[in-house]
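Read the structure below first, then the notes.
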Amino acid sequence: MNESPDPLLDLLHLLDLEQIERDIFRGESRSALVPRVFGGQVAAQALVAAGRTVPADRGAHSLHSYFLRAGDPGAPIVYTVDRIRDGKSFTTRRVVAVQHGQPIFHLSASFQTYEEGMEHQAPMPAAPDPETLPTAAEMLPRYADRFSDPGVVDRLIEARQAVDLRYVDAPPFGTVGEPREPRSQVWFRTNGKLADDPLLHVCMATYVSDMTLLDSVLLAHGRGGWAVGDVVGASLDHAMWFHRPFRADEWLLYDQESPSASGGRGLGQARIYTADGSLAITVIQEGVVRIPRG
C-alpha cells in the first residue's frame, strides 16, 4: 500500500486550486477506486473556486450540482466561475468544470452574510460513540474475501487515510446477499486539525459527503457495491444545504437513508450532525445504480 507521509496535507493540496485568471482556476486530480475522478473531489474543488470569488464574510449555505461526464484522473481540471449575482445579503456563483475541452461538472452555489433568524431543527438520531467503532484500517481487512481483486482493501484504506470514517453498522460489502433497512450511519472527521477557515471546512465536508451516501440504496437490495462488482453506477447530481457552523476536523454523524430506487437510479438523502447534536448539513444525491448484465 502506498502510504503518504501526510495524507491530509495531500488532500489539502488537492483542494488548493491554482488561480490562472480572475475567475479561472485549475485543480489537480488523482486516481480513485474506479477509473474516473472521485465525484466528491470535483464538487469540493468547484466550491473552492466559487468561494474564492466571494467576500470572506459570506459563508456558503447551499450548492446544487450535476455530474455530466466521467473525469479523467490523469488530467487537470479547469474551473470557470460566473459571478451571477452579488446582492446585499446573498451572493450566487456558477462553476463549470472542464477537461479535454468538455464540461464534466456544473455547480451553482449560494453564499450569505450571517444574520439572526428563527431556529428549529430535526433532532439528532441515536448513535454510538465514534471512539468505540473500528477505524477503516481495522474494519476493512475483515471483508477481504468479499472482493475479487485482492488489492481493493489496500486501496480503500489508502482512500480513507486523510479522513477517519467509521461505520456504525456493517457496510454494504459486509452483508452481501442480505437486504437490510435502507439506512446507514457513519462518523467522520479529518485525520488532523484544519485551519480556522469556514470555507475549508465546508469544502472538506463536501468532499466526504460523496463517499457513502448511496450505501443505503445498496443495503435495501443486499448489494455490496462497486468494489464488489455486483452493481455499476455513478453520481448524477448532488445538493447540500449548510445550516449551522461546524468543523470537519471534529466528529460529524452522517445519518443516511434511501427513500426510493427506480428506473436504474437510486436516491440518497442524509443529515449531518455535530457531536453535540446540532444539525449542520442536509445532503441529497441521486445516482445511476444498475445490476451488471451477465
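For the single chain, residues carry numbers from 1 onward in sequence order. FYI, side chains are in, hydrogens and waters are out, and symmetry mates aren't considered; it's all heavy atoms of this structure.
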Between Glu158 and Asp154, does the side chain to side chain contact (heavy atoms under 4.5 Å, CB included) criterion hold? Intermediate values first, please. CA-CA 6 Å; Glu158 184 178 355; Asp154 282 350; over 6 Å; no
Apply ring-ring contact (aromatic ring centres under 6.0 Å, His included) to the pair Tyr79 and Phe25, showing each step before the final yes or no. CA-CA 5 Å; Tyr79 297 90; Phe25 301 84; 8.3 Å; no
List the steps and the verdict of salt bridge (charged side-chain N to carboxylate O under 4.0 Å, His left out) for Lys193 and Asp249. CA-CA 6 Å; Lys193 299 298 290 183; Asp249 55 7; 3.7 Å; yes
For the pair Glu131 and Arg189, evaluate salt bridge (charged side-chain N to carboxylate O under 4.0 Å, His left out) and give the outcome as yes or no after the intermediate values. CA-CA 12 Å; Glu131 300 289 352; Arg189 66 179 178 185; 3.5 Å; yes
Run Glu119 and Arg244 through salt bridge (charged side-chain N to carboxylate O under 4.0 Å, His left out) and show every step you take. CA-CA 10 Å; Glu119 280 279 341; Arg244 294 172 180 83; 3.1 Å; yes
One pair to check against salt bridge (charged side-chain N to carboxylate O under 4.0 Å, His left out): Asp169 and Arg183. What are the steps and the verdict? CA-CA 10 Å; Asp169 297 304; Arg183 188 180 183 93; over 6 Å; no
Would you sort out whether Met204 and Leu8 count as a side chain to side chain contact (heavy atoms under 4.5 Å, CB included), showing the intermediate values? CA-CA 11 Å; Met204 192 65 72; Leu8 181 56; 4.3 Å; yes
Show your working on side chain to side chain contact (heavy atoms under 4.5 Å, CB included) between Arg83 and Arg22 and close with a plain yes or no. CA-CA 11 Å; Arg83 301 182 182 231; Arg22 180 173 181 261; 3.4 Å; yes
When you look at Asp72 and Val37, which way does the side chain to side chain contact (heavy atoms under 4.5 Å, CB included) test go after all the steps? CA-CA 6 Å; Asp72 175 3; Val37 176; 5.6 Å; no
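Applying the 6.0 Å contact sphere to CZ of Arg52 captures more than 12 heavy atoms from other residues, nucleotides or ligands. The number of heavy atoms from other shown groups lying within 6.0 Å of CZ (Arg290) does not exceed 12. The number of heavy atoms from other shown groups lying within 6.0 Å of NE2 (His13) does not exceed 12.
A donor atom on one side chain and an acceptor atom on the other are found under 3.5 Å apart for Ser209 and His238. For the residue pair Ser184 and Glu257, no side-chain donor N or O sits within less than 3.5 Å of a side-chain acceptor on the partner. Counting only N and O atoms by type, the side chains of His61 and Ser110 include a donor and acceptor under 3.5 Å apart. When only modelled atom types and interatomic distance are considered, Arg93 and Thr53 share a side-chain donor-acceptor pair under 3.5 Å. A side-chain N or O of Thr91 and one of Arg58 form a donor-acceptor pair less than 3.5 Å apart. Between Ser235 and Asp210, the side chains place a donor N or O and an acceptor N or O closer than 3.5 Å (distance only, hydrogens not considered). With hydrogens and angles left out, the side-chain atoms of Gln185 and Tyr254 include no donor and acceptor closer than 3.5 Å. Residues Thr212 and Gln256 have side chains that bring a donor and an acceptor to within less than 3.5 angstrom of each other.
In this structure a side-chain-to-backbone donor-acceptor pair under 3.5 Å is present from Gln45 to Glu28. Gln99 contributes no side-chain N or O that, together with a main-chain N or O of Ile104, makes up a donor-acceptor pair within less than 3.5 Å. A donor-acceptor distance shorter than 3.5 angstrom exists from the side chain of Asp230 to the backbone of Gly224, with no hydrogens or angles considered. Of the possible donor and acceptor atoms, one in the side chain of Gln121 sits under 3.5 Å from a partner among the backbone N and O of Gly277. Within the 3.5 Å criterion, the main-chain N or O of Thr135 finds a donor-acceptor partner in the side chain of Glu138. Arg26 places no side-chain N or O within 3.5 Å of a backbone atom of Pro76 that could act as its donor or acceptor partner. No donor-acceptor distance shorter than 3.5 angstrom exists from the side chain of Ser278 to the backbone of Thr274, with no hydrogens or angles considered. Between the side chain of Ser65 and the backbone N or O of Leu107 there is no donor-acceptor pair closer than 3.5 Å.
Paired with Arg247 under the rule salt bridge (Lys or Arg N to Asp or Glu O under 4.0 Å), one option of Asp276, Asp197, Asp196 passes, and it is Asp196. A side-chain contact (heavy atoms from CB on, under 4.5 Å) with Trp241 is found for exactly one of Ile284, Ile281, Val283, namely Ile284.
Distance check: Asp23 CG to Thr80 OG1 gives 8.5 Å after rounding to the nearest 0.5 Å. In this structure, CE on Met240 lies 6.0 Å from CG on Leu63, to the nearest 0.5 angstrom. Note that the CG atom of Leu165 and the OG1 atom of Thr190 stand 12.0 Å from one another [nearest 0.5 Å]. To the nearest 0.5 Å, atom CD1 of residue Ile77 and atom CG of residue Leu17 are 9.5 Å apart. Separating the OH atom in Tyr207 from the CG atom in Leu15 is a distance of 8.0 Å, to the nearest 0.5 Å. Rounded to the nearest 0.5 Å, atoms CG (Leu140) and CZ (Arg155) are 12.5 Å apart.
For Tyr273 and Phe246, the gap between ring centers reaches or exceeds 6.0 Å. Phe111 has its ring centre no less than 6.0 Å from the ring centre of Phe90. Residues Phe67 and Phe105 place their aromatic rings such that the two centres sit under 6.0 Å apart.
The hydrophobic cluster containing Met211 also contains Val152, counting ILVMFWY residues as joined when their side-chain heavy atoms lie under 4.5 angstrom apart, directly or transitively. Cluster annotation: Val202 is connected to Leu194 through the hydrophobic network of ILVMFWY side chains, with a link wherever side-chain heavy atoms come within less than 4.5 Å. One hydrophobic cluster holds both Val54 and Val48 under the rule that ILVMFWY side chains link at heavy-atom gaps under 4.5 Å. With hydrophobic clusters built from ILVMFWY side chains whose heavy atoms lie under 4.5 angstrom apart, Tyr66 does not share a cluster with Val96.
What you find for Ser62 and Phe242 is that their closest heavy atoms are N-CD1, 3.9 Å. Residue Val232 comes nearest to Trp226 through the heavy atom pair C-CZ3, 4.0 Å, listed as atom of the first residue, atom of the second, then distance. Taking each heavy atom of Gly174 and Arg146 in turn, the nearest pair found is O-NH1, 2.9 Å. Here the shortest heavy-atom pairing between Pro128 and Leu133 reads CG-CD2, 4.0 Å. Taking both residues in full, the closest heavy atoms of Ala43 and Thr206 are given as CB-CG2, 3.8 Å, listed atom of the first, atom of the second, then distance. Heavy atoms only, all atoms of each residue included: Leu11 and Val163 are closest at CD2-CG2, 4.3 Å.
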For residues 259-268, please give each side-chain donor-acceptor pair under 3.5 Å, one per line with the distance, not counting sequence neighbours.
{"from": "Arg265", "atom 1": "NE", "to": "Glu286", "atom 2": "OE2", "distance (Å)": "2.9"}

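Between Val176 and Pro172, the closest side-chain pair of non-hydrogen atoms is not below 4.5 Å. Side-chain contact between Asp237 and His64 is absent, with no heavy atoms from C-beta onward closer than 4.5 Å.
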